[in-house]
Amino acid sequence: MTAVQQLTLHLPDWINDVVDWQKVYQNDDEKMALAVELSKQNVLRGTGGPFGSAIFDCDSGKLVSVGVNRVVPLHNSTAHGEMMAIMLAEQNVQSFSLSADGVKRELFTSCEPCAMCLGGTLWSGVKRLVCAATAEDARAIGFDEGPVFAQSYQYLRDAGVEVVQLVQRDAANSVLQNYIGSGGAIYNG
């Protein structure tokens with residue numbers, strides 16, 4: 001057996017049917033609506049878990065990248081929606097930091113990040129994190145969010161990341177409920 005020397009991560013083919021890459025997003029509700037819609041479509045189309053994310057330029061409202069959970073189809077425990085969006089955004093701006101060029105960027109995610117994604121948020125260089133459903137909502141259907149505490153969010157704030165929670169929580173939690181109700185896999189429970 002030959003060792004794998006390359007890794008390819010990709011979003012589902014339907015992404016460009018759902019995402020309007022030219023749209024300028026005016027406010028938090030429009031931005032979060034995209035993240036929640038991505039999570040919903042990922043469930044409805046059977047292409048991954050019930051989590052979606054999007055990264056925007058704070059000042060212009062332009063979309064930089066999107067991500068959906070691809071853990072099961074890509075056989076990769078790190079292919080969470082936030083991580084996919086972060087990796088693609090960094091590729092798009094050609095930097096390991098989303099703030100290195102002086103542009104302020106923000107991550108919108110359909111659910112509060114797990115421990116890995118919270119760390120990825122810090123290291124990505126985004127200056128704002130906006131969340132919909134809560135970690136408790138994810139835990140309620142069986143997902144293990146790992147060691148995330150109130151102090152974790154305070155750490156982000158202390159590092160200069162604004163944190164906003166509960167934006168469109170009900171819509172995002174509805175996607176979680178639909179996922180578990182339709183027999184969606186709880187892959188780390």
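If you read the sequence from its start, that first residue is 1, and numbering goes on from there.
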query = Would you say the side-chain atoms of E30 pair up with the backbone N or O of Q26, donor to acceptor, closer than 3.5 Å?
reply = yes
key: Path from W123 to I55 over hydrophobic side-chain contacts below 4.5 Å   = yes
ask   = Given side chains that start at C-beta, do those of R169 and D137 come closer than 4.5 Å, heavy atoms only?
value = yes
key: Smallest separation among heavy atoms of P147 and A115, with atom names   = CD-CB, 3.7 Å
request  = Tell me, with the steps shown, if E106 and V126 meet side chain to side chain contact (heavy atoms under 4.5 Å, CB included).
outcome  = CA-CA 5 Å; E106 57 193 345; V126 296; 5.8 Å; no
request  = Check whether any side-chain heavy atom of L176 lies under 4.5 Å from a side-chain heavy atom of F51, and answer yes or no.
outcome  = yes
key: Min side-chain heavy-atom separation D29-M32 under 4.5 Å   = no
query = Roughly how far, to the nearest 0.5 Å, is the CG atom of N69 from the CG atom of L11?
reply = 11.0 Å
message = Please determine whether residues W21 and V36 belong to a single hydrophobic cluster, defined as Ile, Leu, Val, Met, Phe, Trp and Tyr linked transitively by side-chain heavy-atom distances below 4.5 Å.
response = yes
message = Any non-hydrogen side-chain atom of V175 less than 4.5 Å from a side-chain atom of N42?
response = no
key: Donor-acceptor under 3.5 Å (S182 side chain, N178 main chain)   = yes
query = With a 4.5 Å heavy-atom cut-off, do L118 and L156 have their side chains touching?
reply = yes
task = To the nearest 0.5 angstrom, please state how far the CD atom of E145 sits from the CE atom of M116.
result = 10.0 Å
query = So, Y179 side chain and A185 main chain: donor-acceptor pair closer than 3.5 Å or not?
reply = yes
message = So does D170 get a backbone contact from the side chain of N173, meaning a donor-acceptor N/O pair under 3.5 Å?
response = no
task = With rounding to the nearest 0.5 Å, note down the distance linking CD in E162 to SG in C58.
result = 8.0 Å
Side-chain heavy-atom pair L63, D57 within 4.5 angstrom cut-off = no
ask   = Counting distance only, does the side-chain N/O of S99 pair as donor-acceptor with the main-chain N or O of G102 below 3.5 Å?
value = no
ask   = With distance as the sole criterion, is a donor-acceptor pair present between the side chains of N92 and S65 under 3.5 Å?
value = no
inquiry  = Could you report the tightest heavy-atom contact between A35 and S110, atom names first, then the distance?
reply    = O-CB, 4.0 Å
inquiry  = Are the side chains of E112 and V148 in contact, using a 4.5 Å heavy-atom criterion?
reply    = no
inquiry  = Apply side chain to side chain contact (heavy atoms under 4.5 Å, CB included) to residues V19 and L38 and explain how you reach the verdict.
reply    = CA-CA 8 Å; V19 176; L38 289 165; 3.9 Å; yes
request  = Answer yes or no: are there more than 12 heavy-atom neighbours, outside D13 itself, under 6.0 Å from its atom CG?
outcome  = no
task = With sequence neighbours excluded, give me every ring pair (Phe, Tyr, Trp, His ring centres under 6.0 Å) pair touching residues 56-107.
result = Y25-F56, F56-F108
query = Can you hop from L74 to V72 via hydrophobic side chains spaced under 4.5 Å?
reply = yes
request  = Output the distance between atom CG (L107) and atom CG (L129), rounded to the nearest 0.5 Å.
outcome  = 5.5 Å
I'd like a table of donor-acceptor pairs (distance under 3.5 Å, sequence neighbours excluded) in which one partner is a side-chain atom from residues 81-91, with atom names and distances.
residue : atom : partner : partner atom : Å
E82     : OE2  : T109    : OG1          : 3.0

ask   = What do the steps show when you test F149 against Q154 for side chain to side chain contact (heavy atoms under 4.5 Å, CB included), and what is the final call?
value = CA-CA 9 Å; F149 311 102; Q154 188 57 52; over 6 Å; no
query = Are side-chain N/O atoms of D144 and Y187 paired as donor and acceptor at under 3.5 Å?
reply = no
message = Can you confirm whether T47 sits close enough to V68 that some side-chain heavy atom of one is under 4.5 Å from a side-chain heavy atom of the other?
response = no
ask   = In terms of hydrophobic clusters joined by side-chain contacts under 4.5 Å, are V93 and V103 together?
value = no
key: Derivation and outcome, salt bridge (charged side-chain N to carboxylate O under 4.0 Å, His left out), residues R128 and D28   = CA-CA 11 Å; R128 190 163 185 256; D28 285 359; 2.7 Å; yes
message = Is it the case that over 12 heavy atoms from other parts of the model lie below 6.0 angstrom from the NZ atom of K23?
response = yes
key: Y155 with V163, same ILVMFWY side-chain cluster at under 4.5 Å   = yes
note = When rounded to the nearest 0.5 Å, the distance separating CD of Q41 from CG of L34 is 11.0 Å
inquiry  = Looking at K40, I want to see if its NZ is surrounded by more than 12 non-hydrogen atoms of other residues, nucleotides or ligands under 6.0 Å.
reply    = no
